[in-house]
Amino acid sequence: MYSPTIIFEALMNGLMLGAVYALIALGLTLIYGVLHIVNFAHGALLTVAMYLVWLASDRFGLDPYVAILVVTPLMFAIGYCLQRFIIGPASRGSDNGILLATLGLSIVIQNLLLAGFNSDTRTIATDYAFEIVPLGPLLLSLPRVIGLGVSVVTAVLLWAILNRTDIGKAIRAVAKEKLGASLVGINVAHVYAMTFAIGTACLAIAGGLLMPSFYVSPTTGAAFVLVAFTIVVLGGMGSIPGALIGGLLIGVVEAISSLFLGDSLGQIGIFLIFILVLLVKPTGLFGARA
Amino acid sequence: MLKAHNLTKRFSGLLAVDDATIDVAEGSITGLIGPNGAGKTTLFAMIAGFLSPNAGTVTFQNEDITGEKPHLRARRGLARTFQIVQPFAGLDVRDNIAVGAFLHTKDPAEARRLATLTAEKVGLGHELDKLASGLTIAGRKRLELARALATKPKLLLLDEVLAGLNPSEIRDVLPIIRQIREEGVTILMIEHIMQAVMNLCDTVYVLSQGKMIASGEPRLVCTDTAVIEAYLGHGAAARIKAEGAAHA
Amino acid sequence: MKKLTNSVSRRTVLKVGGVSAMVLAAPGLSRAQAPTVKIGLLQPMTGGFAGDGDLARIGAEYAIKEINDAGGIKSLGGAKLELLIGDSRSNAEAGAQATEQLKADGAAIVVGGFASGISMTATQAAARYELPFIIDCAVSDALMTRNLKNVFRFNPSFSMAADVALKNLVTINDASGKAAKTVAIVHEDGLLGSGLAKLMQARLPALGFEVVEAISHPTPARDMSNVVLRLRSLQPDLIIPSHYFNEFVLFARTLQQQRVKPKGGIYALFGGAASSYRFVKEFPEAAEGVMDVNHWGDPKNPTNDKLMQAVQAAGKFYAYNAPINYSVVKVAAQALEFAKSAESGAIIEALQKNEFDSGVMPYGKSKFDATGQNVNALPLNTQVQGGQIKVIYPEQFAQAKPKFPANG
Amino acid sequence: MKKNFEFIAALAFLGVVGIAAIAGLPGNILNLLIFMMIIALTAQGWNVLGGYGGLSSFGHAAFFGTGAYTTTILQTSFGINAWVGLVCGVILGAAVGAMIGFLSFRAGLKGSYFALITLAFAEVLRILANSWDFTGGAAGMMVSINNGFAYLQFSDRRWFLLILIGFVAGGLLLTRWLERSAFGAYLIALRENDQAAQALGVDIFKIKMQAITLSAAITALAGCLYVQNFLFIDANVAYGSWISIEALFAAIVGGAGTMLGPLIGSVLLLGLGEITKSFSGGIAGVDLVVFGIILILCVAFAPNGIRGFVADLWYRRKSRGKAM
């Protein structure tokens, strides 16, 4: 029905978009793996990151990719403060409390953005947004290619942070055995906040990668976060390689199914995967044993 | 009454319980002892239905209940307490116990009356309206006991009900357990406190590293070489014997 | 029970009627205190459509000022108009609530509604009080099938607009020597897009077009590249899109990026962004050549230019909401003039029986039929040419010739 | 005793609202009250599962929407009486609840997993309702205007409000029964500790199934009544996340797992929403920011909601009084 070139290109599109999905899911799964919470504010925080990138570009003329360098530490700080001073204290460690606190937070953030920026969509016009990288017969969008590259580099970086640095070791210790970690002198509240901060910082990078070709409005993050949830569940809650592979997989599934079924039904496909994984194998593809 | 035969449980390669057999005679108090990590609680969980064994059978009153769900076993008259007490924090003491009593009556007033009676039996009569979360450790242990009793069990599985209590509290609880047996309830208890085991049990089983290594009258079991070595390490039995000989 | 209901509501009506009668009797007594009549404007001032609500308010306020400056409603002794703004918060439920509020605050007539869902519940709420309601730009055909005698629609319905769009498409295509033969429809899977797709698929073949594919996508959409990929494979001569603003922008940008340039270009019906200066200014390249059939002010009417300046002065991008709400307020004012009363029944009767000047809209004389629909309502064809949105059809309103095929 | 007092106080409150409505209230207030009652009922449904059972659903829209669509379709496409439609809506809503419950509880989902899967089910239903023809697709559906008791529509909405008040009072009664019954005790027991509950002979799967079915039925009823008032429904209204969120908000802010929580929560939130809107000077979203902050504050300082917070203050004062 379609020429192999088209199918192959859809596949590449899926991989490239999936990489950005994966980046969003990375933060979510990291937070789940350590804090054992589903962060419902993740989508709203992605929106914040996108607005920050937009502001950096609109007010200070920064290129979106350059803006990542500024927005990432900012988002890191925001994430740290949110967990340390709001979510942590408010929820007092109860699972339900965290779930509701992050839900409340997402509503607050989304509507603060609405109050501050109103519902207009904002875009950044760049010279290269429409550039393509011809790869044989394929026309690959330049921002997407960059997105793929940066996402993979970020994932490797994240892996290195977790495995090679002191804070990474502390994070892994807390994830494994909270009580034990606190007994050997690890400040659990700090580690939680650091984890949340790293997860949130990933969103800054995702925001920077999306902005050249996408728009932002106060509800933009919500469109991505359900996909991110699906990826996290599919890859196994808490699993970083799972999020990466799950993201790429979902991207490809979405691309191929929208090529053959149309985008609307493609959405149902994502939810069905989500439901099926939860029902049949809640630990996902790479999740630790329950 | 209860026959748990050849039970085996593996956790991802680790053999937690290995071919263990335990028989509990009707009307007895049977003890299950063993060093930490021996697999006692795992064995308990298999008997109560919270874990399914990889091999072996559980027979209760001559019926095979190996694959049965915990709540169905409870309805047969098999009740358990938990090592780590698990009160229903949002309910007061009376309603906590009533949850057990509802097994035999759907009438709320009757269930609460039964709960009150049971609470008095274990010495919680004056704390009926307290929230369960407001009880002391000793109070919670009693609550745990009362809740199980309210289901009118035939066999009561007690998982370290005495752990965490001070000597005077233990002295208070021992007669309660004896009283329960006198009312016709068979008891199987995991216990660390040897004084209590010696005092209460008719028969004792010893589990070590997943294997049943000894069983019999408490006095005899305590002098068993394998048991002593399981607790104190290889060669300990010989040393003790030698010391005993020296003293004599 | 029933009896009580009726008697009470009648009493309420009498009371309201009495008050307005007193107000009307008043002018002779107290000339200094000119009576006012309140017009409710129901628009999404917050939420997803807040931008549209803003433009509508600018248009409505402009009309109110014009009318008041010209001496108010003459048949009511020069009564001044006061605009009450009801915020429908971009959702149907709040729309009903805001309509109740407008009624409670004393609106004699309500105009607006904007979206079909909101208009649906809002007009229903108004029907409880027989409060006259003129819809500004909601297009769903179902809106006017409910036998609500208080409800009127100023703008063309979806099927009216579709008729015009198809007729004009045939004319334009014929003039180009039938440059376009194959059509792909790309639509959002909501009310607007699905309805359009169904209608186009049913009617285009009879007009000599082959519909090669209808591709639907959800709103909000994260990505359009796969849709565009399919189009690249299908190579249609013409694309008929229907989305809201964001998706239209994303779609047009992705088309541009993937170098997909259908020969005939893009021909939209109620296109989300095609008739928005915001899109045209922000993405001139993607917008160039895009055609749309939409609500649009008469470009030859000088007031339309003034409205455009008012919108720009407020720092906004001009879109149809401003002229259409300017005009609908004008119609409401004329109805008050005819009714010689601020009472619901009289206004409704006036709306049913008379013809109205259509403000800056190209409707000629507006006239409402038995269902309440303005039979002379007409959408215009526009095309983005040289960074400006130009009316290209019908000829009496046209500012420029159609450039078709757009990429020929 | 105190539960009796609360129950009577709540009934008295509803009675006062009803009498005030009959005596005559402006349309906008009436509208607000109607909406408060619909949300209260929705939240009462949520409360059975999420409050007493501790299973926080983020997708109660699935039941609300099913009730709403069922009665609408039966009335418009099959000409069936509104009351029969209502009953069918409740039954079908309960059935959807039972189905979702069966799948999720059999897989042993709870906590975040349960929240996520309910959310996903509601979204799937939303997408389907948006594309299927018999739900009117994206155009939504209208119930035609026919005033009269048989149509469950009233030209004078005070009667509708009274009916709603009746249903909310019924919800209170049901909750009161629940708190005393074996079912309620089991439900709370499995919320607090499902293992301990099992050990006491509680069939937790069965209890959870009963809870989600009852919960879904009540919320579906609210959905049916919603349609009878607004006479219009589309996928985003019926299955949109707003209703799931509002149900959860009202119950939690008012006091999850308490008889009065849902009613207190919905009256407070919607009332506060109106007040904020009138003070926010037309800036979008401010009322929702306030909602979100209240939710976080409740999680932090009043985990048992306003009802729990007030009760704590009350008893603390009382015990202090005793000490003196």
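So that the names make sense, note that chain A is the first sequence line, chain B the second, and so on, each numbered from 1.
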Enter the distance from [X]:[atom1] to [Y]:[atom2] here, rounded to the nearest 0.5 Å.
| X | Y | atom1 | atom2 | value |
| --- | --- | --- | --- | --- |
| I275(A) | I117(D) | CD1 | CD1 | 5.5 Å |
| L119(D) | F229(A) | CG | CZ | 7.5 Å |
| S112(D) | H36(A) | OG | NE2 | 11.0 Å |
| S56(D) | L100(A) | OG | CG | 5.5 Å |
| L248(D) | L99(A) | CG | CG | 8.5 Å |
| L279(A) | S104(D) | CG | OG | 6.0 Å |

Problem set entry | Distance flag, aromatic centroids of F40(A) and F58(D), threshold under 6.0 Å |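 Aromatic pair counts; centres sit under 6.0 Å.
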
Problem set entry | Region of A115(D) in contact with chain A, defined by heavy-atom distances below 4.5 Å |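 Only the side chain of A115(D) comes within 4.5 Å of chain A.
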
Problem set entry | Structural part of I294(D) lying under 4.5 Å from a heavy atom of chain A |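 No part of it gets close to chain A.
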
Problem set entry | More than 12 heavy atoms of other groups within 6.0 Å of F309(D) CZ |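 No, CZ of F309(D) has 12 or fewer neighbouring heavy atoms, counting only those of other groups under 6.0 Å.
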
Problem set entry | Any pair counted as salt bridge (Lys or Arg N to Asp or Glu O under 4.0 Å), so long as it reaches residues 114-123 of chain D, sequence neighbours left out |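 Sorted result for residues 114-123 of chain D: E123(D)-R126(D).
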
Exercise. Between I296(D), V289(D), I245(D), which is the residue that forms a side chain to side chain contact (heavy atoms under 4.5 Å, CB included) with I107(A)?
Worked result: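 Only match with I107(A) under side chain to side chain contact (heavy atoms under 4.5 Å, CB included): I245(D).
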
Exercise. If we only count heavy atoms from C-beta on, is the L116(D) to F274(A) side-chain gap below 4.5 Å?
Worked result: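 Counting from C-beta outward, L116(D) and F274(A) do come under 4.5 Å.
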
For this session: Return the option, out of V38(A), V233(A), I98(A), with the maximum number of heavy-atom pairs under 4.5 Å with chain D.
Result: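 Highest number of heavy-atom pairs under 4.5 Å: V38(A).
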
For this session: Would you mind telling me which of L295(D), I293(D), L288(D) has the largest number of heavy-atom pairs within less than 4.5 Å of chain A?
Result: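 Answer, by heavy-atom pair count under 4.5 Å with chain A: L288(D).
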
Exercise. Using non-hydrogen atoms only, which part of L226(A) is less than 4.5 Å away from chain D: side chain, backbone, both, or neither?
Worked result: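 Contact with chain D is through the side chain of L226(A) alone.
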
Exercise. Side chain, backbone, both or neither: which part of L105(A) has a heavy atom under 4.5 Å from chain D?
Worked result: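 For L105(A), heavy atoms of backbone and side chain both lie under 4.5 Å from chain D.
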
